[in-house]
Amino acid sequence: MPMRYETPSTTREAAALLENEAGAAFVLAGGTDLLVRMKLGHIEPALLVDIKHIPAMSSITHSAKGTRIGAAVSGAELGEHKAVAKAWPGVVEATNLIGSDQVQSRCTMVGNLCNASPAADSVPAMIAAGAKAVVVSRLGRRTVPVEKIVTGPGQTSLNKGEVIEAIVLPARPSRSGDAYLRFIPRTEMDIAVVSAGVNLTLERGRVKTARVVLGAVAPTAVVVPAAARAIIGSRLDEGALEKLAAACSAACNPIDDKRGTVEYRTKVAGVLAKRAAKIAFQRAGGA
Amino acid sequence: MEIEASTIRQLLMVLVEQYPRMQGHLDEGVAIAVEGEIYRDNWDRVIPPGSEVFLIPRIQGG
Amino acid sequence: MGNDPSYTNQKFKVIGSRVKRPDGIDKVTGRAKYGADHNAPGQLVGLFLRSPHAHARIKKISTARAEKLSGVKAIITCDDLPDLTNGDTEARDILENCMARGRALYDGHAIAAVAAIDEKTAKKALQLIKVTYEALPHVTDVDDALKPDAPVLHDYIYTTGVEPKPKTPSNLCNVSEFGHGDIEAGFAEADVIVEKSYKTEQVHQGYIEPHACVASVSPDGTGELWVTTQGHFSFRSVCANLLGMDVAKLKVTASEIGGGFGGKTHVWTEPVALALSRKANRPVKVVMTREEVFRASGPASSTSIDVKIGAKNDGTITAAFAALRYQGGAFPGIWAMLGAMTSFACYNLANVKALGYDVVVNRPKVAAYRAPSAPMAAFAVESTMDLLAKKLRMKPLDFRIKNAAKEGTRASYGPVYGPIGIGPTLEAVKKHPHMRARLKKNQGRGMACGFWFNFGGQTCTDLNIATDGSVTLTVGTIDVGGSRASLSLIAAEELGIPYEQVRAHIGDTGSLGHNDMTDGSRGTFSSGMATIFAARQAVEVMRARAATMWDIPVEDVVWESGQAKATGKKHRKLKALSLADIAAASPNTGGPIAGHNESVPDNAGVSFASHICDVEVDPETGATRVIRYTVIQDAGKAIHPTYVEGQFQGGAAQGIGWALNEEYIYGDDGRLQNPGFLDYRIPVCSDLPFIDTQILEIPNPHHPYGVRGVGETSIVPPLAAIGNALSNAMGVRMDHVPMSPPRILKALAQLDG
């Protein structure tokens, strides 16, 4: 049976198309994962819904109230948005780590999220930032914390007929900073062996709030409240950093695979969290 | 071993006559070092009197 | 005047200049035709069904449903490839590797192949082929394969090279021994002995262009093959023999080649593509996917090596021993033997012994990879050399200089060396500013040496002069690294004309006599020598034509600077005739002017290299970056220095990837887990520093210009150079390649603990 290709102009329309398709239906944003899987013969879609013609999905809005990034916005476009890059350098640098320059001109944060790889680069940074996904269906919309979207490797909590329209980042208090680091054996063109995103806000030179999230150490990105607690109230002294690293290592539940060992991921998760925390602290204006 | 031969070709003939078991090695492929110079194909090469001749396996390259 | 290969110290006009390569524009604009770029009318798509098992008996292959699918034109299994090899075990192994015969011997082993009108139909047909397997126990590790309880792959392998002959079959194919002297006595003399064992994982050549061909066999028994290859004449012989065709009736045309490094000296899909075409009576195009390239073509051996070296307190090595176990994949190979031959070739040793153990395992059939087998042996030996130098409190460089082989040294593999370059490369290391550059925290510097044989081989070259004075040079050795530029320079040099006036081509198998492959670093050496002789023959023809034009005796004509000149007072009024003048007159002086050469150039000149490497290690992640790298190698004579440097740099780049990250990872199920460039990590551009080069020119006495092979040696030292640098940076001795971040971090943790 020939594959159908649709280009709806509203999110509702896209959701309806997905809901009404009996066969395998996929959302096409940048296609940097989807087209590869199709070409390798791993999937044979009956329907592709291209969301790049939906205005609500193709724009970035940024104000004091928060930031909204459409699901079809490419990594390169996000990277070129100076205000967002200034407010959320960690989220933007994480998104810009997806693939090569060529891939950057196509790939999207939401695509990276819905591909549901444990090693997705933008996801730990989004979760650390407290990002929410705007989920639209034929009947309405709901707002879901990003950490609730991925349920396991290749699995999401989205129902049939649901599509993510945008990612919303909260209002950015002053004295805030975020950072994302991943370990890859090469310098580029690689997939995270382990990664860490840290987002924090300072008050009088001390960490007031923090979120620490690890990638590639469990079936989904892992939020580590104990790691956040380890640095809250501190000036990110060596003792606090050591506790942060220990909490991160303790939160790891990785596997041995072709990309890394349990031992390695557990140890380096702490190392990267420490380094990311230092960068976030500095970005927040911490001394 | 001492062998009377003036070229590599002659040497190989005499060698197999005197040591029939060498045929197996020759079939697998050999290169012949005459005074340190390695010949894989040029069996017309003249062997000067008193030369040291070494048979080594024929190698593969990348 | 005969064709004397001896070095003559000729003065050069264009040799050594850095001209533009003739294939450059087509390659950078995408116009060049590679293996997958050719199409034939009515062509079908050929795809392979491959084994998902590491080792299995094939009980039944049902193709009936696939055959009924509309658009399927041919399906073949081993039944369509009868064994015509007539006792030639090497050919039989190639046949069985191309298509399994009753047993799947590794994950990815071809089981059946389909030709259909398009890819979609061919894929569908593959899904409809039903194969019934009976899984058999498998073994993928070289050491495990030698254990008494290991599953034995072949009941016909009885170890050769040992006495008495074994009574039972095993995975150990052959034991080879090289060396001289008495190592027991040598070790007894030693003041210090170091003994250590090493492992290296399996690597792939990693050529960017996958194997690709278009095969077309006609009902009259003739055929054509367009293919990416390092040796189209050899592919012709192998394919014709396996298929029962007359060699001369198969025309093989080589495409441009997107990297080979030894991996394209072997046939993989080509005989099957021809068989598919023969059965379908249509041309068939086969392009391997990257996954297929990794699972079923190429790789070099994984190894396990023990080294023992002893020395006196003054640094003189008294004895050296190595036991080298190499797996050749599912078929017998000579890979351990090559490792044993090369292992100690850099040194002047009174007592030396190297034992090579060639082993079969359930992995793809190993292929040559750039100086095949030498890098792993060098890793083990050169790491041990550093360890021993440290124990002796000597600088590793001085320790190597003291023991380096030189002219007159008996090589560890038998013969006595002529003039060689190991000493000069080491002296050049000593003088190089790199050795004095400052290092920072977590940085370390290492060096290592490497050796490769190089060889010549059968060569046939044509040189034809057009009536406008331009020159066509047709060679039969594939251009893998700029040889068309180098060979054109040679033709221009001999004829005394500008480089731009020569156009070099790779002739198809119908246009020249047999040429051996471009392997063993032989392309520029062999075809270069044949080009010199072909050009000199053309010059003789032109002298004769000039004599005809002037109506004087040919003895009165000399060739100088691209012109025929009449000698002697009586001819002083005769104006010199240029090559173009003589060419223009050729239709009426005897027809086309050409020169030919058929020969077997030998003595490509052994070659040595010494590399210097600086690394920086992140002690918290184990990540290593190579921050500076220098290659010093003897080229004999660099015809085109840029492409000599390119070979040096390319070998070093591949060696760095091998050293740090590249490895085949097999699961417990014996299946390859990382058949793709995402998880088989060859270096990307930003992983490498600029690789500095220094060309030494110690003329090869057996080439008119002094050329030595240069292509392979540069991959030999990097593994050890990086291992030694890491050791100097972090105080850990890595004994397992790749020296990947998890392995380094583990070693650092053990150091702390």
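Chain letters run A, B, ... following the sequence lines, proteins first, then strands; residues in each count from 1.
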(message) Under the side-chain hydrogen bond (donor to acceptor under 3.5 Å, both in side chains) test against C:Arg522, which residue among C:Asp516, C:Asn454, C:Thr477, C:Thr459 passes?
(response) C:Thr459
(message) Could you work out, with side chain to side chain contact (heavy atoms under 4.5 Å, CB included) as the rule, every residue matching C:Ala377, not counting sequence neighbours?
(response) C:Leu324, C:Tyr326, C:Thr342, C:Ser343
(request) Can you check whether anything in residues 15-28 of chain B gets within less than 4.5 Å of chain C, heavy-atom wise, and list it by number? (result) B:Arg21
(request) For side chain to side chain contact (heavy atoms under 4.5 Å, CB included), just list the numbers for C:Leu338 and C:Ile334, CA-CA rounded to whole Å, side-chain angles, deciding distance to a tenth of an Å, and then say yes or no. (result) CA-CA 6 Å; C:Leu338 291 178; C:Ile334 58 162; 4.2 Å; yes
(message) Does C:His703 form a ring pair (Phe, Tyr, Trp, His ring centres under 6.0 Å) with C:Tyr7? I'd like the steps, not just the answer.
(response) CA-CA 5 Å; C:His703 188 284; C:Tyr7 175 68; 8.9 Å; no
(message) Please classify the contact between C:Met517 and chain B as side chain, backbone, both or neither, with a heavy-atom cut-off of under 4.5 Å.
(response) neither
(message) Could you check whether C:Lys264 makes a cation-pi contact with C:Tyr207, meaning its NZ or CZ is under 6.0 Å from the centre of the six-membered ring and within 45° of the ring axis?
(response) yes
(request) Just give me the residue among C:Asn603, C:Val480, C:Val416 that pairs up with chain B most often, heavy atom to heavy atom, under 4.5 Å. (result) C:Asn603
(message) Please tell me whether C:Ser521 and C:Glu712 have a donor and an acceptor in their side chains that are separated by less than 3.5 angstrom.
(response) yes
(message) Is it true that C:Asp519 and C:Thr265 share a donor-acceptor pair across their side chains at a distance under 3.5 Å?
(response) no
(message) Counting C-beta onward and ignoring hydrogens, is there a side-chain heavy-atom pair between C:Asn97 and C:Phe331 closer than 4.5 Å?
(response) yes
(request) Please look at C:Gln205 and chain B and tell me whether the side chain, the backbone, both or neither of the residue comes under 4.5 angstrom of a heavy atom of that chain. (result) neither
(request) Please state whether the rings of C:Phe453 and C:Tyr413 are parallel, tilted or perpendicular, taking 30° and 60° as the class boundaries. (result) perpendicular
(request) Would you please test C:Trp335 and C:Tyr369 for ring pair (Phe, Tyr, Trp, His ring centres under 6.0 Å) and show each step? (result) CA-CA 10 Å; C:Trp335 310 111; C:Tyr369 179 16; over 10 Å; no
(request) Taking heavy atoms only and a threshold strictly under 4.5 Å, list by residue number the residues of residues 29-58 of chain B that touch chain C; give 'none' if the list is empty. (result) B:Ala33, B:Glu35, B:Gly36, B:Glu37, B:Ile38, B:Tyr39, B:Arg40, B:Asp41, B:Asn42, B:Glu52, B:Phe54, B:Ile56, B:Pro57, B:Arg58
(request) Only counting residues at least two apart or in another chain, list the ones meeting side chain to side chain contact (heavy atoms under 4.5 Å, CB included) with C:Pro5. (result) C:Met529
